[in-house]
Amino acid sequence: MLDARSVRDNPEKIKEALAKRNYQLDLGPFLELEKERLALVKDADELREKRNRVSEEISRLKKEKKDAAPLIGEMKGVSARIKELEDGLRAVEQKARDFLLLLPNIPDGSVPGGRDEAGNVEIRKWGTPREFDFEPLNHWDIGEMQGIMDFERAAKIAGARFSLMKGAGARLERALMNFMLDLNTRKGYTEVFPPILVNPESMTGTGQLPKFEAELFKTADPDFYLIPTAEVPVTNIHRGEILEEERLPVYYTAYTPCFRREAGSYGKDTRGLIRQHQFNKVELVKFVRPEDSYGEHERLTGDAEDILQRLGLPYRVVVLCTGDLGFSAAKTYDLEVWLPGQNKYREISSCSNFEDFQARRADIRFRRTGRKGTEFVHTLNGSGLAIGRTLVAILENYQQKDGSVVIPEALRPYMGMEKIG
RNA sequence: GGAGGGGUGGCCGAGCGGUUUAAGGCGACGGUCUUGAAAAUCGUUGCAGGGUUACACCCUGCCGAGAGUUCGAAUCUCUCCCCCUCCGCCA
């Protein structure tokens with residue numbers, strides 16, 4: 001959420017910044033609401049001051065056994081008026097907040113301009129895609145051939161976009177979770193295992209609600225949302241809190257299942273594990289001081305890259321342009337891993353700096369040592385990494401001519417085998 | 001699911017319609033004292049919105065959340081949320 005005051009004071013600046021992300025904005029209604037709100041606050045405050053003053057007077061008169069009836073009569077009218085103003089104020093505040101909740105974050109100055117994903121810019125590459133002396137297979141072909149994936153039965157049990165992993169496939173899924181969590185915790189991230197059903201306040205705090213309800217799964221009775229990423233419960237750990245400066249930075253890593261409707265992606269990645277309604281992911285989340293957030297963003301991205309490097313998976317880093325940036329993010333690097341089965345790079349991690357956008361929604365602040373007042377923290381997060389897509393990358397990059405798959409060195413202690421098949 | 005108890009400032013804990021501008025204690029910070037520390041003592045001690053786009057000053061709101069009664073609510077009423085204890089059930 002953007003700051004009401006800065007929107008109010010610099011409407012043209014805000015408009016310009018959001019235009020870069022193809023966001024047409026009419027701030028007129030909001031500015032009207034703010035004007036109305038400030039007038040109501042002023043009137044209500046003045047009347048409440050009067051009520052407080054006269055109430056004391058009434059108290060004094062009664063104690064002195066004098067007649068307070070005329071004052072009480074007058075105050076009836078004042079109280080009624082205050083109530084009217086408060087009702088109006090509540091309504092106006094709600095409308096102003098509703099407006100702000102639908103505005104996306106402002107891109108950082110270092111983000112390249114662009115209309116859509118074609119405008120994204122490659123920053124660097126790591127590793128060299130392997131030369132195959134045979135035609136590399138898709139991961140789903142490898143999976144079915146090795147008997148470690150069963151999409152048909154997954155569809156019977158749940159439906160399309162679900163998977164059933166078996167034997168070494170299930171083991172690989174678990175090995176990756178443990179490998180990543182162990183690596184992340186060694187770097188100072190605290191492991192957490194949060195709820196995967198959350199309330200609407202949490203979804204609003206990180207920016208999924210109110211705008212993206214259609215992308216979420218929801219339970220019927222009682223009402224909960226299934227998390228689309230661990231970012232939601234983990235960022236909301238500190239919702240409504242004021243942290244002491246010396247506690248910062250706070251780093252968390254969490255494994256969770258993630259659930260996405262994938263509405264509007266019909267026909268995309270219909271086969272295989274790439275796009276599922278349910279998938280596993282290990283996430284990295286940081287709470288930092290504002291002046292540190294861009295350095296922390298680089299380091300967080302580096303931590304995610306480290307995982308790919310240790311697994312020997314070629315990848316590239318792409319900075320998202322203004323038009324492709326997610327709703328809540330000020331800047332995002334995508335990590336794209338090389339998939340021989342598709343002969344292209346595919347997203348495996350998304351590392352974002354949200355600056356104070358989520359912190360303002362979720363009211364996560366900190367107090368500087370020795371200073372009065374509070375400031376919003378900056379929040380960041382990134383996949384470290386998406387488990388299913390990492391599994392896909394391993395199968396496709398480490399496949400052998402005979403259909404077997406070599407397990408990357410770093411993973412062998414977790415897999416208890418050197419090879420699948 | 002049933003029956004009780006409870007949510008007050010960083011923490012503990014009083015208050016149960018108008019000397020509460022929330023007692024008192026602890027902690028923290030600052031001063032005095034001390035060679036230094038401790039002890040003692042004095043003072044300060046939140047967040048947010050607005051008045052001025054100054055943390056000097058003034059006003060307002062905030063005692064789990066919301067609504068109500070009243071001239072006046074931390075205090076009374078209602079609804080909801082959360083926590084604790086016991087019973088039942090259960091992974």
Side-chain angles (χ1 to χ4, degrees), chain A residues 1-14 27 30-31 33-100 193-205 219 221-225 233 236-248 257 290 356 359-377:
Chain A
M1 186 164 65
L2 302 179
D3 177 37
R5 185 179 250 153
S6 77
V7 175
R8 188 207 303 160
D9 293 345
N10 303 296
E12 286 312 311
K13 251 187 174 164
I14 303 287
L27 282 174
F30 176 75
L31 297 176
L33 283 171
E34 278 292 287
K35 228 163 99 184
E36 205 179 326
R37 187 177 72 79
L38 292 182
L40 284 168
V41 164
K42 188 163 181 293
D43 291 351
D45 275 3
E46 280 170 3
L47 280 183
R48 279 190 288 230
E49 188 276 333
K50 178 174 185 180
R51 179 178 67 187
N52 290 343
R53 191 158 35 79
V54 175
S55 284
E56 267 179 62
E57 180 70 9
I58 290 171
S59 170
R60 201 176 55 74
L61 288 175
K62 286 204 161 180
K63 224 165 265 160
E64 294 170 4
K65 304 266 189 259
K66 289 182 182 160
D67 181 22
L71 278 182
I72 289 175
E74 186 194 342
M75 281 304 102
K76 279 193 187 195
V78 171
S79 280
R81 178 68 188 140
I82 288 173
K83 193 165 145 30
E84 279 174 34
L85 290 171
E86 284 177 341
D87 288 345
L89 188 57
R90 245 193 312 281
V92 168
E93 278 173 343
Q94 187 61 49
K95 277 189 204 162
R97 181 174 164 81
D98 288 348
F99 185 93
L100 287 178
F193 189 59
I196 60 177
L197 296 181
V198 302
N199 56 34
E201 289 76 17
S202 291
M203 283 294 184
T204 306
T219 62
D221 182 25
D223 288 345
F224 286 111
Y225 290 92
N236 276 281
I237 286 174
H238 295 298
R239 175 152 51 85
E241 295 184 8
I242 300 172
L243 305 168
E244 292 305 326
E245 185 178 14
E246 55 262 34
R247 275 192 67 187
L248 299 177
D356 63 6
R360 184 171 285 110
R361 289 177 160 246
D363 191 24
I364 307 169
R365 292 171 288 166
F366 77 105
R367 197 193 321 272
R368 290 197 191 267
T369 309
R371 287 261 285 277
K372 286 200 128 199
T374 60
E375 295 173 50
F376 290 110
V377 300

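In what follows, chains are A, B, ... by sequence order, proteins preceding strands, each numbered from 1.
- Rounded to an integer number of Å, the gap from E57(A) CD to G18(B) P is 18 Å.
- Atom-to-atom, CG of L40(A) to C1' of G50(B) comes out at 13 Å; the value is rounded to the nearest Å.
- Nucleotides C47(B) and G43(B), compared at atom C1', are 23 Å apart to the nearest Å.
- With rounding to whole Å, R368(A) atom CZ is found 14 Å from C55(B) atom C1'.
- Taking atom CD of residue E36(A) and atom C1' of nucleotide G50(B), one finds them 17 Å apart after rounding to whole Å.
- With C1' as the reference atom, C42(B) and G4(B) are 48 Å apart, rounded to whole Å.
- Of the possible polar contacts, none joining the D356(A) side chain to the F376(A) backbone as a donor-acceptor pair under 3.5 Å is found.
- When the C1' atom is used for both U44(B) and U34(B), the distance is 22 Å, rounded to whole Å.
- With both ends at atom C1', the span from A23(B) to C16(B) equals 14 Å, rounded to whole Å.
- Take the nearest nucleotide of RNA chain B for D9(A) and for E46(A): the residue whose nucleotide is more 5' is D9(A).
- No donor-acceptor distance shorter than 3.5 angstrom exists from the side chain of S59(A) to the backbone of S55(A), with no hydrogens or angles considered.
- Separating the C1' atom of C12(B) from that of G2(B) is a span of 33 Å, rounded to the nearest Å.
- Just one residue in the list R365(A), R368(A), R360(A) forms a salt bridge (charged side-chain N to carboxylate O under 4.0 Å, His left out) with E375(A), and that residue is R368(A).
- Here the closest heavy-atom approach between residue A359(A) and residue V377(A) is recorded as CB-O, 3.2 Å.
- Each of E56(A), E57(A), E49(A) was scored for a side-chain hydrogen bond (donor to acceptor under 3.5 Å, both in side chains) with R53(A), with one residue passing: E49(A).
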Output a table of donor-acceptor pairs, distance under 3.5 Å, between side-chain atoms of residues 78-91 of chain A and any protein atom two or more places apart or on a different chain; print 'none' if there are none.
from, atom 1, to, atom 2, distance (Å)
S79(A), OG, M75(A), O, 3.4
R81(A), NH1, E84(A), OE1, 2.9
E86(A), OE2, R48(A), NH1, 2.6
D87(A), OD1, R90(A), NH2, 2.6

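- Across all non-hydrogen atoms, the minimal contact from V7(A) to L31(A) is O-CD2, 4.3 Å.
- Ion pair E46(A)/K42(A) flagged as a salt bridge, since at least one NZ, NE, NH1 or NH2 atom sits closer than 4.0 Å to an Asp/Glu carboxylate oxygen.
- Taking each heavy atom of R239(A) and S202(A) in turn, the nearest pair found is NH2-OG, 2.9 Å.
- Minimum interatomic distance between I242(A) and R367(A) (heavy atoms only, all atoms of both residues): CG2-NH2, 3.8 Å.
- Residue K35(A) contributes atom NZ, which lies 22 Å from atom P of G49(B) at whole-angstrom precision.
- In this structure, CD of E93(A) is placed 11 Å from C1' of A48(B), rounded to the nearest angstrom.
- When the C1' atom of U60(B) is taken as reference, atom NZ of K42(A) falls 13 Å away, rounded to whole Å.
- Using C1' as the reference atom, C29(B) and C84(B) are 35 Å apart when rounded to the nearest Å.
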Margin query: Dot-bracket for RNA chain B, please. Rules: Watson-Crick or G-U, both distances under 3.5 Å, ( ) within the strand, [ ] when a pair crosses earlier ones, | for another strand, . otherwise.
Written below: ((((((((.[[[..)..(.....]]]((((((.......))))))((((((.....)))))).[[[[[..)....]]]]])))))))....

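- Rounded to an integer number of Å, the gap from CZ of R5(A) to C1' of A54(B) is 12 Å.
- Minimum atom distance to the side chain of R367(A) is reached by G46(B), of the listed U60(B), G46(B), G50(B).
- Rounded to whole Å, the separation between the C1' atoms of U8(B) and G13(B) comes to 9 Å.
- Rounded to the nearest Å, the gap between the C1' atom of C11(B) and that of G68(B) is 33 Å.
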Check: Which letters describe nucleotides 61-80 of chain B, given B = protein heavy atom under 4.0 Å from base, S = only from sugar-phosphate, - = neither?
Finding: S-----SS--BS--------

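- Using a 4.0 Å heavy-atom distance criterion, R37(A) is classed as a sugar-phosphate-only contact.
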